[in-house]
Student: 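Sending over a structure as structure tokens; questions will come in a sec.
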Amino acid sequence: MASFKPTKVQTYPKLGEKVTEDALYWKNYKAPVQIKEFGAVTRIEFSPLPPHNYVVTASTRIQVYGPHSQEPLRSFTRFRDTAYGGSFRSDGKLLVAGSEEGIIRLFDISGRVALRQFAGHSKAVHVASFLSDGFRVVSGSDDLSCRMWDVASSTELSSYTEHTDYIRAAAISRLNPDLFITGSYDHTVKVFDARLGGSVMTLQHGHPVESVLLYPSEALLVSTGGRYVKVWDLLKGGQQLVSLKNHHKTVTCACLSTTDNRLLTGSLDRHVKVYNSSYKVVHSFDYAASILSLAVAPEDEVVAVGMTNGVLSVRHRKHSEDKQETVGRKRRGPAYRMFVKGKNYVPKQDDFVVSKTIKQHLQKYDKQLKSFQVSKALDTALQVNPDVTIAVMMELNRRGTLRNALAGRDEKSLTTLLQFLLKHITDSRFSRLLMMVADIIIELYYQVIPQAPIVERLLQRLMEVLGREAELQQELLQVLGVLDTLFASLTPRKEVMVPREERVTRNWLLERK
Amino acid sequence: MVEQTDIRVVRCGGSKICFSTPILTNDSRFLICASGDSVKVFSTRTEECVHVLHGHANQVTGVALNPANHLQVYSCSLDGTVRLWDFIDGILIKTFTVGYKISSIYVSNKHIGVIFIILPMQSNENGEHFQLVAVRLPSALEQELEARELSAVLSDVSPVPACTAFGQGGDYIASAKGLQLCVYFFRKQKTYRFKLKATDKKGARNAFTCVACHPKDDCIATGHQDGKIRLWRNFNQKKEYTYSTQHWHHNAVSALCFSPEGMHLLSGGVESVLVQWHCKEVNKKNFLPRLGGAIAHICVSPDGQMYSTSHTNNKITIISSFRVSAVIQGLVKGGSVQTDLMIDPRTKALVLNGKPGHLQFYSLERDKQLYSLDIVQQEYIYQAGLDQFEVVKAALDGTASWLATVEQRGSKISSLEFSLKLWSFNEKAQSFELNTTITAPHQNMITAMCFSPAMDTTMLVTVAKDDQFKVWLLGSDLDEQKKQASWSCEHLGSYHGLQPTNCCFSGDGSLLAVSFAEVVTLWSPDTWELLTTLCQPPGTIEDLCFGRLSCSKYLLGTTTKNLLCWNLLTCALEWSTSMDVCVLRTDPLSENVAAFCHNSGKTDLFVFRPSEPRPLFTQKAVCVGRVQRCIFVPREDPLDSCDEWSQWLNRSRLHFLTEQMELLTFSTRAEDERILNSRKELLVDDSVAMTPFYLLLGKHRQQQQEKQTSVPSQAADRAQLPQGCVAIRELLHTPAHVLPPASFLCSVFLNSLLISNTGGRDEKELPEQEVDSEKEEVDSEEEMEMNNGPQGVRTQGSVGEAPPSLSRAEEKELRRLRKTDFSWVTSLTSS
């Protein structure tokens, strides 16, 4: 006696994009923590030293947050006007920031008052950064100049005025202390060598450059501006590698994740996009406002995003330990050990084994199908997800009892059935079966439909939906026809080979006689 | 023509075991059933076939236990004979020739020496009307007897065996036909007839389908066309009979049977549910559902402990204490084999579609179903006229690591549902596992499919009626968190909107041939480029195959009228011959091709090589009607026939299925002889269960018997070696309370030790030893006295001299000594 075979619920392939490993990795963040700042958050930078505090520049303040704190650990408020571009030295102890009034200030991370002030720029300084030797600061300003300052003497070492518009982006080389890169609104990115006293390379971005970024290998340079993100190969003399146009609005910031060097870009279109190594978007974060700044902590622990509305949004990475903890707290009831008690006992040689039949667990609709209660099975299946409903309908159709299951229903159960039809009848995977169901329903109930206004209304809606679908299909067929003619004119013709006249005919039956 | 005579067409297993009601023997150990033109005896416990009783020349139609001797069985056949067999030993005892086609047999305890059979009426020989006759069996001693003492009992009866039954110890016999029930009382010699109306207001269909009589009570149960069961009482008078009606079955009741004590009534039908009705409490029923296959017959063992149900899908289920205890499954043959015949290279089993939604693996050598693979994986509803999923196509790849199946439901395109499934072989579980399901792989039904034989790629080509062929490839990308590789469509090809009919890969997988109506197209599987087209009108190409090995440059095709052979090097037709080929198959191990040609109602076989002008073998009229399928089955051990006509059978056998779904094969004379020899060896039967007790005592008794008969066979002696060890182990491990007395065990124990010693000395000498052991046993007395002298000689010899210097006589002496030495010790132990 074979056991009852349960209804096979088909798994339909998920439509849309595939779930990749990257997507799973980037999805694995907790809900963002929102911190309200005083103005638009223009820059975020993580300290290179653990515990990887981060500095946030917003309005007239520069604030340092710990990785898990929602309150600033420290804040530098001695700015008369808006502060810009707060950034750490490579040892994480000093901090440099430009400002609207053109003065660059240098802070000790544990102090409060500026240690040095570099004055010389005539307009706002949007970027300031330490060179990798740690003794010099480079700054880019709206007065079209880019200057280098000595920290020890707080004097200006040199000034470069090669850009013809505001300088709004800078990146320094970590391998060479004399090398830095600036991006400007004059659509160019320039690579400067302090030893030569001028630019050594100029890259045409084509749009006002909002940010520049160097890969850790320093062979690749990323520049963002306009809707474009461009990647340049510096070792090939500044050849453009790719140009990405995945944002709808200006791309304001870019950063690299530390694992696998994934590129992240933030834009005014309120999205942060994550690219894989072949520069395909693998994931995208949505935010409430336009994004101005973006930073990722080492090991991708934290993704911090600053927005125009002054909100700093911080996402922390989920860890498996956290999950276990929550489960442990929630768990009630008997332990797993209790259920496996005695189940994994291996009988000894002289033990007498009494086998116990394992009871087959069936779903409720399967139980009803087993006892041929077709109407009830359909009712049960309608309460589960559509895949199951379709599977049960198919099973009923196969058994030839679909009509019986649909017949004899009251207004309420007919309404749920019709609502299901309305929702799924245009799905091409289900439509064939559901059309049949709809046919049967109309055939069964057409005499009594006028008595139930709700059912009548639903049927009218069904007709509308189907009419729209038919129109759509017709249009698609027209397009298909056009495409067919195009393809047919492209393919070369091949002729059927004409059989030759000479052939050898053998008749075995004759030969054998 | 003369040489051909030693190749003949033989039936090779797969005959129906559900043709007639089987019987269970008195001790419930054996089940006897008719199977084709032989009677088979199965063990109810092990499901193994114990004996095959050959002798009848036509279909056996019924079996019945001899009421006078419960170890004998009658069988009747369409060849007009009734035979009496001893089923324990498998011996034919007597043959009674009746001379008419017998369609069933009945016996009763009251009528010893008389059997009741159903024969066609002499008046019309075309077999429309039948009568029940009593045959008095002559009691002469000869083996072959003529039974001429016929006396008619009832005329115009149904030829269906289930429609007639003996009642209450043989007082009366009841028979139903159409709408009429006849009861004949032997004592009164009177017949009562009861009629039912064909239909009533509720549309009941009242025709009788089967009859059963209560063994202890005057009660007849009848089954009807609409699933009703009527219990008739008080039927020994014309007017005042009564009946009560029970209704559970929704379709015709096909089998009814009372338990021997009359407590229960068993019924079965197409629903595949065995229903047990309680005779005392009318409304109480027990069910045994999902037995797998419509029930055709039910039988109960004489002690009532065991039931057996025969199912139409060639299966017998044995039920003890209302639970399935054993299943005897034959080759399932539906109306047609929709999947092609295939050979599983692993098990050497024939693969074809079996019970609904399953693929069966059938061992040709053992004539037994190995297992059946559930393809559809849906609950099969046993209901007449229901259109359910069937496996319509199946293909195995070269190493049988992949299996592709197509299941289909509905025949019209609007209601057509079909899916392609791909199964991978799981080495650990030793069975096929579902890998990929593709629902609706084409717009219309698939007509052919084949795997690529190339080693490096796993590729499947399907050809469908939607004017396209599709190429499916096993995905190689294992990265994206998928554990298993799955199949996906690689290429979609079509040719001028013509409907493809068949497809075939060349032997090395470098070419794909797809036939589109009258045109054969050749494609390169690497680039999917159309290489060339071959065309030979008129007629649609039906079958396609490439030549093998040295003939691989040829492509063979069949149309309705012609057999065509193209040379692929010249891309031209090499030769053609006009014949109506039904099936074309190549032998995988040689260049041979078999073609079955339909010719005026008969089928002829041609075996040929594409390169040679003359066929290797032809046989006219191998069977009546068209051949459905055929297959070359590789042999385990090749024959070494050098005969020109039978050489093609050396590497593989050719099996084919006829229109009547008979599985036939070709056999040479040498093979027949070999089979005959092997059959004799097989007769050694161990029907006693292997219990620890048997190991200790049964073997001991056997040894004793062997000693008494003094024919110690070589095999028995050898077997004692491991057996001795087993005896010791069993002795130590068996609980003390089940052990026989120690005096018994002591000698067995010691014996086992001693024998293991002699056997351990050297195995090579054993055969010769046995030869003269007979002589030795006779004059062992004298040897005892002579013992001392020669023994001394022997020890000296073994130390000083090299063994070859011993003369033959001396050697003999030595062996004798060894033997006597041993028997002397055993005599001590047994005393």
Student: Considering only heavy atoms and a distance below 4.5 Å, find which of B:V327, B:N562, B:I381, B:T439 pairs most often with chain A.
Tutor: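 It is B:I381.
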Student: Throw together a table of side-chain donor-acceptor distances under 3.5 angstrom for residues 477-487 of chain A, partners on residues two or more places apart or in other chains.
Tutor:
| from | atom 1 | to | atom 2 | distance (Å) |
| --- | --- | --- | --- | --- |
| A:T485 | OG1 | A:G481 | O | 3.3 |
| A:T485 | OG1 | A:V482 | O | 2.5 |

Student: Report which part of A:D350 has an atom under 4.5 Å of a heavy atom belonging to chain B: side chain, backbone, both, or neither.
Tutor: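 Contact with chain B involves no heavy atom of A:D350 at all.
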Student: For the residue pair A:N397 and B:R409, establish whether any side-chain heavy-atom pair is separated by less than 4.5 Å.
Tutor: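 A:N397 reaches B:R409 side chain to side chain.
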Student: Do you know which two heavy atoms are closest between B:Q378 and A:E395, and how far apart they sit?
Tutor: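 Minimum heavy-atom separation between B:Q378 and A:E395: NE2-OE1, 4.1 Å.
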Student: Identify the heavy atoms of B:F389 and A:R398 that sit nearest to each other, and give their distance.
Tutor: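 B:F389 and A:R398 have their closest heavy atoms at CD1-CD, 3.9 Å.
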Student: At their closest point, which heavy atom of A:K370 faces which heavy atom of B:R290, and how far apart are they?
Tutor: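 It is CE-NH2, 3.4 Å.
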Student: Between CG of A:L433 and CD of B:E417, what distance do you get to the nearest 0.5 Å?
Tutor: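 Atom-to-atom, A:L433:CG and B:E417:CD are 7.5 Å apart.
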Student: What part of B:D374 gets within 4.5 angstrom of chain A, counting heavy atoms only: side chain, backbone, both, or neither?
Tutor: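 Side chain only.
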Student: Please classify the contact between A:M436 and chain B as side chain, backbone, both or neither, with a heavy-atom cut-off of under 4.5 Å.
Tutor: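 For A:M436, there is no contact with chain B at all, as no heavy atom is under 4.5 Å.
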Student: Atom OH of residue position A:Y345 - does it have more than 12 heavy atoms of other residues, nucleotides or ligands inside 6.0 Å?
Tutor: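 Enclosed: over 12 neighbouring heavy atoms sit under 6.0 Å from OH of A:Y345.
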